[in-house]
Amino acid sequence: MNSVTKYACAKINLYLEVGNRRGDGYHDLTSVMQCVDIRDRITLAQSPGAGISLTTDSRRIPADNGNIVCKALEAVAGEYGIRRGMSVFVEKRIPISAGLGGGSADAAAAINAADELFGLSMTAERKRELGARVGSDVPFCVEGTPSLVRGRGEIITPIRGLPPCWIVLAKRGKGLSTRIMFENLDAGGRRPEGKNPDDILTALESGDVGKIGAALHNSFHPYVLNLHRESAGIYNVMKKYGPAGILVSGSGPSVYAIFPEDGRARECFRELKKQGGDVFLCRPIS
Ligand code: C5P
């Protein structure tokens, strides 16, 4: 086998409650993550010589060893004593610094590709463990099935995800740094105790898009809408179309709206698309 291609899917958070800052600087999270059909494509090949080289069709991610994809491949190579060279090509469709886990998804896809290319027979647990070393969302992305995610991001419990529905997702303006958004949350002092995830989990079990929309929650949501004018604008457009729910994804600034049917979703998509930026009409992946 000379090369392996894997797809990397964007995630949205249906629920994200940020707990206390821990001694190691990270925060304890309770999160519900769901993949949607916005995909990057990762192609990994063996190459002559040693080392890892990365090329990409995007001008907005590092094309060197600073890329999280290289860090993930270095972790695999170190663990399995792989000395052969690797070249990786990243085709980027997921918006960057958007709260959609694009870098983490690429890193997870690279781990899955290396497993196959070198016949490593890694267990999912092993992949998650290696993934956690390079980014908090990577363990979820290894399999990408709808999950309740806890701890720093490494405790994953598969759950029933979104039923078939339509999601309008938009990101406009400057990206946001996850680290800085966590710092903003901390600087805001004590936050009101968030809801627990029971409501969203019960709503997902029911398969009722209306109930799911009403249970969406994200600790970052009010901060992002306050800070990021373009996201507030997107939110206001989405609201006009009466979706089941609207939420900022992750630490922002992407905003998504969930619709049970495609009619108003398409109209909402068309209006946002006219205004520019990254706009998608997408579906959940189960
Ligand atoms: O792990 P990752 O590199 O994706 O995290 C980016 C930044 O987000 C971290 O440096 C940290 O500041 C913050 N973070 C956090 N708690 C988490 C995950 C991320 O504080 N559970």
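Indexing begins at 1, ligand by ligand and atom by atom, following the structure's order. The first residue of the sequence shown is numbered 1, and numbering continues consecutively from there.
Taking any N or O of Arg152, backbone or side chain, at least one lies under 3.5 Å from an N or O belonging to ligand 1. By the 3.5 Å distance cut-off applied to N or O atoms, Asp137 is not counted among the residues near ligand 1.
When hydrogens are left out, the protein atom nearest atom 8 (O) of ligand 1 is Thr178 CG2, 3.4 Å; that is the closest non-hydrogen contact. Shortest contact from atom 12 (O) of ligand 1 to any protein heavy atom: Arg179 CG, 3.3 Å. Of all protein heavy atoms, the one lying nearest to atom 16 (N) of ligand 1 is His27 N, 2.8 Å. From the protein, the heavy atom lying nearest to atom 13 (C) of ligand 1 is Phe182 CD1, 3.3 Å.
The side-chain heavy atoms of Leu54 and Leu73, taken from C-beta on, include no pair separated by under 4.5 Å.
Ring-plane geometry between Phe182 and Phe220 is classed as perpendicular, the angle between the planes exceeding 60 degrees on a 0 to 90 degree scale with a lower cut at 30.
Residue Tyr26 approaches ligand 1 through these ligand atoms, each under 4.0 Å from one of its heavy atoms: 1 (O), 9 (C), 14 (N), 15 (C), 16 (N), 17 (C), 18 (C), 19 (C), 20 (O). With ligand atoms numbered from 1 in the order given, ligand 1 contributes 20 (O) to contacts under 4.0 Å with heavy atoms of Gly25. Counting the atoms of ligand 1 from 1 in the order shown, those under 4.0 Å from a heavy atom of Gly135 are 1 (O). Taking every non-hydrogen atom of Ser136 and a distance limit under 4.0 Å, the qualifying atoms of ligand 1 come out as 1 (O), 2 (P), 4 (O), 18 (C), 19 (C).
Applying the side-chain hydrogen bond (donor to acceptor under 3.5 Å, both in side chains) definition to pairs two or more places apart or across chains, those involving residues 158-175 are Arg172-Gln275. Pairs passing the salt bridge (charged side-chain N to carboxylate O under 4.0 Å, His left out) check and including a residue from residues 232-244, sequence neighbours excluded, read Lys240-Glu271.
The heavy-atom pair separating Ala132 from Arg152 by the smallest distance is O-NH2, 2.9 Å.
Formation of a donor-acceptor pair under 3.5 Å by the Ser53 side chain with backbone atoms of Ser87 is not found in this model.
A salt bridge links Asp57 with Arg93: the closest approach of a Lys/Arg side-chain nitrogen to an acidic carboxylate oxygen falls below 4.0 angstrom.
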